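Both counts, for ligands and for their atoms, begin at 1 and track the order of listing. Keep in mind it's a predicted model, so treat the numbers as computed, not measured. Hydrogens, waters and symmetry mates play no part in the numbers below; they use all other heavy atoms, side chains included.
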Amino acid sequence: MAERRESIHGQWSGRWAFILAATGSAVGLGNIWKFPYITGENGGGAFVLVYLLCIAIIGIPIMVAEVMLGRRGRRSPINTMRHLAFEERASRFWQYLGWAGVVAGFLILSYYAVIAGWAVAYIFRTASGAFTGATADGVSSIFSELIADPERLLAWHTIFMVITLVVVARGVRSGLEVAVRYLMPTLFVILLVLVGYAMNTGHFAEGVSFLFSPDFHALFYQLDKNGVEQLTSEPVLIALGHAFFTLSLGMGAIMVYGSYLPKGTSIIKTSVVIAAMDTLVALLAGLAIFPIVFANGLEASSGPGLIFQTLPIAFGHMPAGSFFGSLFFVLLAFAAWSSAISLIEPAVAWLVENHGFSRISATSWIGLGTWLLGIGTIFSFNIWSGEEYQLFGKTFFDLLDYLTANIMLPLGGLLIAVFAGWQMRRTACQDELGINDGLIFRGWYFLLRYISPVAVVIVFLNAIGLLTF
Ligand code: TRP
């Protein structure tokens with residue numbers, strides 16, 4: 001029987017549809033919410049530099065590999081890995097890579113949806129004019145009130161989950177393509193408007209220098225609980241983890257999108273384009289936020305609330321701020337939504353393929369589970385925020401984020417690199433990428449086989465203290 005070369009879940013309508021969907025997956029809370037606050041927590045420029053390096057030499061090569069595996073397998077990540085392992089005569093254990101990804105996606109979505117809920121809440125807050133003329137203190141207290149109230153958080157979390165699930169249940173293609181095509185560019189324009197505002201705060205240069213002049217002391221020495229400086233390499237792991245998180249790598253999201261990609265599309269070119277757009281959005285968000293931080297005497301290291309405590313100040317003081325502000329949060333919620341979809345698609349595709357679920361029931365069950373787990377994240381900001389509810393000084397939310405972004409995703413990425421670089425035949429890679437053994441192929445292959453896996457292993461060993469520089 002000739003091999004079926006199309007996924008049973010359908011195909012993208014073409015190269016652009018894939019670029020849009022993958023960009024929709026990559027660009028999300030990671031860029032606009034997480035990147036600025038972890039940059040602030042880890043000292044700025046040097047952290048950004050490490051992050052950019054991770055994107056270039058680890059993220060992009062692994063992204064190419066992940067899309068390539070997806071398109072070759074044409075199934076959900078679990079079945080793709082099972083099938084490719086068989087085809088390449090590799091161990092059956094490779095299918096667990098798919099499994100780990102399904103679990104990681106599930107865990108990430110549980111807290112992702114809670115934060116996305118904050119963005120939804122802010123649409124209405126901003127529209128109501130609550131921030132008009134507000135001071136930094138006023139803006140901060142509106143945020144504190146929101147996260148102190150588990151019921152409100154639960155309501156917004158639920159709303160976001162339901163919207164996401166409805167789209168996933170209908171199949172990824174309907175709606176997503178059109179939405180990304182128009183809303184992403186609008187988000188981009190609003191970010192530019194915000195950067196324009198930041199330029200007029202009088203502290204733009206300070207923001208730029210915070211983001212782009214590397215201060216390695218600030219990266220490697222962090223204050224502990226008692227305010228004493230401690231040498232640590234953890235920020236490097238966080239930068240690496242974020243490179244995976246922001247590009248949606250290491251758990252099969254990009255693999256499953258790759259499986260809907262028609263043959264003949266250049267995987268390398270599209271991956272570079274997607275990574276570049278993703279990085280640009282993150283840097284713009286940083287450029288918009290840090291000048292506001294400095295102009296208002298705020299703390300760059302104030303944590304997950306950073307964008308909610310800074311951007312409303314800008315909206316409160318610009319002409320038509322309520323309008324731009326609510327539009328911004330609509331677009332942020334939308335960007336989160338197009339990312340969330342890719343977090344549960346691998347699990348849904350697998351239930352449909354292997355257990356005969358309809359898309360609707362697969363989505364409902366997984367959605368119910370994620371929604372329930374999300375309650376743990378909600379409580380992390382209020383009734384479980386105390387030290388008696390923490391483990392290693394981290395709340396439930398911090399732990400989930402750490403486990404997924406800094407451990408599971410880099411580990412998944414490492415295994416993807418090892419499989420594509422060492423288990424798959426070189427000719428199979430060339431065939432799937434559709435290129436010959438030229439400079440580009442060799443450069444990618446070298447990065448994938450040697451540089452990315454070794455770098456991930458070094459950062460890991462270093463972070464757990466087995467290797468110290
Ligand atoms: N990349 C998205 C963001 O930056 C989040 C995301 C979507 C993701 N799908 C993923 C992260 C898969 C890791 C794996 O917001």
Just which atoms of ligand 1 are under 4.0 Å from any heavy atom in [X]?
X	result
Ala253	12 (C)
Leu409	13 (C)
Leu29	15 (O)

So which heavy atom in the protein is nearest [atom], and how far is it from that ligand atom?
atom	answer
atom 2 (C) of ligand 1	Ser25 O, 3.2 Å
atom 1 (N) of ligand 1	Phe245 O, 2.8 Å
atom 9 (N) of ligand 1	Ser342 OG, 3.0 Å
atom 15 (O) of ligand 1	Tyr112 OH, 2.5 Å
atom 7 (C) of ligand 1	Ser248 OG, 3.3 Å
atom 14 (C) of ligand 1	Met251 CG, 3.2 Å

Ionic contact status for Glu145 with Arg152, cut-off 4.0 Å: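 Salt bridge: no.
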With Phe290, which of Phe212, Phe210, Tyr37 fulfils ring pair (Phe, Tyr, Trp, His ring centres under 6.0 Å)?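 Result: among Phe212, Phe210, Tyr37, Phe210 is the only option passing the ring pair (Phe, Tyr, Trp, His ring centres under 6.0 Å) with Phe290.
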[X] versus ligand 1: do any nitrogen or oxygen atoms come within less than 3.5 Å of each other?
X	value
Phe244	no
Ala26	yes
Gly30	yes

Donor on one side chain, acceptor on other, [X] and [Y], under 3.5 Å:
X	Y	result
Asn382	Ser385	no
Ser361	Ser358	yes
Gln222	Asn42	yes
Thr395	Gln390	no
Ser248	Ser25	yes

Are Arg82 and Trp94 in a cation-pi setup, meaning NZ or CZ lies under 6.0 angstrom from the ring centre and within 45 degrees of the ring axis?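 No, a cation-pi geometry is absent between Arg82 and Trp94.
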